[in-house]
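Heads up: the structure comes next, in structure tokens.
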There are 2 protein chains.
Amino acid sequence: MADSVVLDPVDLHILRLLQNDARTTYRELAAEVGVAPSTCLDRVARLRRSGVILGHQLRLDPAKLGRGLEALLSVQVRPHRRELIGPFVERIRTLPESRALFHLTGPDDYLVHVAVTDTADLQRLVLDEFTSRREVARVETRLIFQQWECGPLLPPSSGSAGTGH
Amino acid sequence: MADSVVLDPVDLHILRLLQNDARTTYRELAAEVGVAPSTCLDRVARLRRSGVILGHQLRLDPAKLGRGLEALLSVQVRPHRRELIGPFVERIRTLPESRALFHLTGPDDYLVHVAVTDTADLQRLVLDEFTSRREVARVETRLIFQQWECGPLLPPSSGSAGTGH
DNA sequence: CTTGAAATCTTCTAATC
DNA sequence: GATTAGAAGATTTCAAG
């Protein structure tokens, strides 16, 4: 299920192009990669089936939606037991302010990436949704000055990833 | 530039649908929202022009690409001056292991989300690309057990965001 | 993997409300 | 000013080689 997949240079080329712009047409992909459009269709369908491509996502600007302030919240959940962390995760995941949630090693159990209107909104969020919860032992808030997406995700340098199956 | 934009219920409905699946056709959007396909085209084009929609992105599974271990690195850069942090950011952004980079308030200046092959790969990355740099004063590594994407990004509850421009 | 054709989708113009 | 209908042009998709 989590095993890596064998990718040839054509797959990698297609993935790089689609990561650059997920709306690139099969015709353009074909011209760029040097195969027929139907081959690109076939490759992309296979990459979807094999789970390499999880989906197509819209990137939105939170500031344009009235959520111009972003922050990371480090949260300790104590005691750190399944019957407490399950509901915690579910609640945090469904908050409209939450963008991403990580379960981590280390003293802080969770990291929550949130997008809010302003500092007052952030204060409300921390007080009403985090520190008010019995299982939340500690919350540390850090504001995000700036963030960057990084280059395309590709297999480690060898070129074809792992041993496949 | 970062001002929020006025969105009516049709825009919000379209955004919700596209965040669910960015490949939804205008025809399907139209049927769901209750307007003509050409209207959907128009709305989406406007949302792009106004900057609400930044682009279309492919979501990939790092594990399937041979990067089954993810981690967050907290980094202190000292002294924290522009002539040092500029090259640092540029270098980290272009690492194939980097997925996202945040400049933060608080004692740790940067948070780097990385995807690597295994713990040996992570050790190499930390030693060769972080602690070996003169301006990196401290690196704290936390492994990611699990991560979740959260619900669709929408304007704060009032329904239409901000005052527009 | 490619060709080629059919179905579907995107996109534009003109007309309408 | 925004929306719709309809038509032309692309694109996607499939079957056959």
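A note on names: the letters A, B, ... follow the listed sequences, proteins ahead of strands, and every chain is numbered from 1.
B:Val89 and B:Leu84 fall into different hydrophobic clusters, where Ile, Leu, Val, Met, Phe, Trp and Tyr residues are linked whenever their side-chain heavy atoms come under 4.5 Å apart, directly or through other members. A:Val114 and A:Phe145 are not part of a single hydrophobic cluster, where members link through side-chain heavy atoms under 4.5 Å apart. Taking hydrophobic clusters as Ile, Leu, Val, Met, Phe, Trp and Tyr residues chained together by side-chain heavy-atom distances below 4.5 Å, B:Leu72 does not share a cluster with B:Val116.
Within the 4.0 angstrom heavy-atom criterion, no nucleotide atom of any strand lies near B:Arg23.
For B:Ser98 (side chain) and B:Ile92 (main-chain N/O), a donor-acceptor pair under 3.5 Å exists by modelled atom type. Proximity of a side-chain donor or acceptor of A:Gln19 to a complementary backbone N or O of A:Leu153 within less than 3.5 Å is detected. At least one donor-acceptor pair under 3.5 Å links the side chain of A:Asp109 to the backbone N or O of A:Val77.
In this structure, CG of A:Asp42 is placed 15 Å from C1' of D:dA16, rounded to the nearest angstrom. Distance, A:Arg46 CZ to D:dC14 P: 15 Å, rounded to whole Å. Look at CZ on B:Arg49: it is 10 Å from P on D:dA2, rounded to the nearest Å. Residue B:Ile14 contributes atom CD1, which lies 14 Å from atom P of D:dA2 at whole-angstrom precision.
Using a cut-off of 4.0 Å between Lys/Arg side-chain N and Asp/Glu carboxylate O, A:Arg91 and A:Glu135 are scored as not salt-bridged.
Put simply, chain B comes within 4.0 Å of DNA chain C, heavy atom to any atom, from C:dC9 to C:dC12, going 5' to 3'.
The phosphate of D:dA2 (OP1 or OP2) has no side-chain N or O of B:Arg43 nearer than 4.0 angstrom.
Of the residues B:Val44, B:Leu18, B:Leu47, the one that meets the side-chain contact (heavy atoms from CB on, under 4.5 Å) test with A:Leu58 is B:Leu18.
DNA chain D is contacted by B:Val35, B:Ala36, B:Ser38, B:Thr39 of residues 26-39 of chain B, taking any non-hydrogen atom closer than 4.0 Å.
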